[in-house]
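A short worksheet on the structure shown next.
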Amino acid sequence: MSPATTALLAWATLAVAGLLEVGWAIGLKYTDGFSRLVPSVLTVGAMAASVGLLSLALRHIPIGTAYAVWTGIGAVGVAIAGMILFGEPRDGLRILFILLIVAGIAGLKIVS
């Protein structure tokens, strides 16, 4: 496998790990303190898969970059999901700061 393909797969793996982080963070809301079985099992599964995929991505992406991107995807995804699912505020400054996180994620990808 070429280095470019390996790098692309590592970044794709990291992106999926970040999306799973969004899933487990939102899932926490539905577990009701881990008192509901199905949401709890799905949330713990998403946690394990997210961390597992992050660890695979770390084979080819520096840890500082990978962790920042992983948490950034999670933060942006959860903020957006919170607005959609839970009616959290959608004011301009909140959206601006979410966009700044996205810019940081893109910047880290560009320089890595």
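Heavy atoms only: backbone and side chains are in, while hydrogens, waters and symmetry mates are out.
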Got a sec, which residues hit ring-ring contact (aromatic ring centres under 6.0 Å, His included) with Phe34, two or more places apart in sequence or on another chain?
none
For Tyr67, give me all partners under ring-ring contact (aromatic ring centres under 6.0 Å, His included), at least two apart in sequence or on another chain.
Trp70
Would you say [Y] ends up clustered with [X] if hydrophobic residues are merged whenever their side chains have heavy atoms under 4.5 Å apart, either directly or through other cluster members?
X: Ile26; Y: Leu53; answer: no
X: Val51; Y: Ile61; answer: yes
X: Ile84; Y: Ile73; answer: yes

Please table the atom pairs, donor to acceptor, closer than 3.5 Å between any side-chain atom in residues 4-24 and protein atoms at least two apart or in another chain.
| unit_1 | atom_1 | unit_2 | atom_2 | d |
| --- | --- | --- | --- | --- |
| Thr5 | OG1 | Ser2 | OG | 2.9 |
| Thr6 | OG1 | Ser2 | O | 3.1 |
| Thr13 | OG1 | Leu9 | O | 2.8 |

Counting only heavy atoms not in Leu96, do more than 12 fall under 6.0 Å of its CG?
yes
Heavy-atom closest pair, residues Ser40 and Ser35:
OG-N, 4.1 Å
Under 3.5 Å, is there a donor-acceptor pair between the side chain of Ser50 and the main chain of Met47?
no
List, by chain and number, the other hydrophobic cluster members for Val41, where Ile, Leu, Val, Met, Phe, Trp and Tyr join if side-chain heavy atoms come within less than 4.5 Å, directly or indirectly.
Leu37
Sorted by chain and residue number, the side-chain hydrogen bond (donor to acceptor under 3.5 Å, both in side chains) partners of Arg90 (sequence neighbours excluded) come out as none
Quick one: side chains of residues 97-112, donor-acceptor pairs under 3.5 Å with protein atoms, not counting sequence neighbours, listed by atom name and distance.
| unit_1 | atom_1 | unit_2 | atom_2 | d |
| --- | --- | --- | --- | --- |
| Ser112 | OG | Thr65 | OG1 | 3.2 |
| Ser112 | OG | Leu108 | O | 2.8 |

Nearest 0.5 Å, please: how far is CD in Glu88 from CZ in Arg94?
5.0 Å
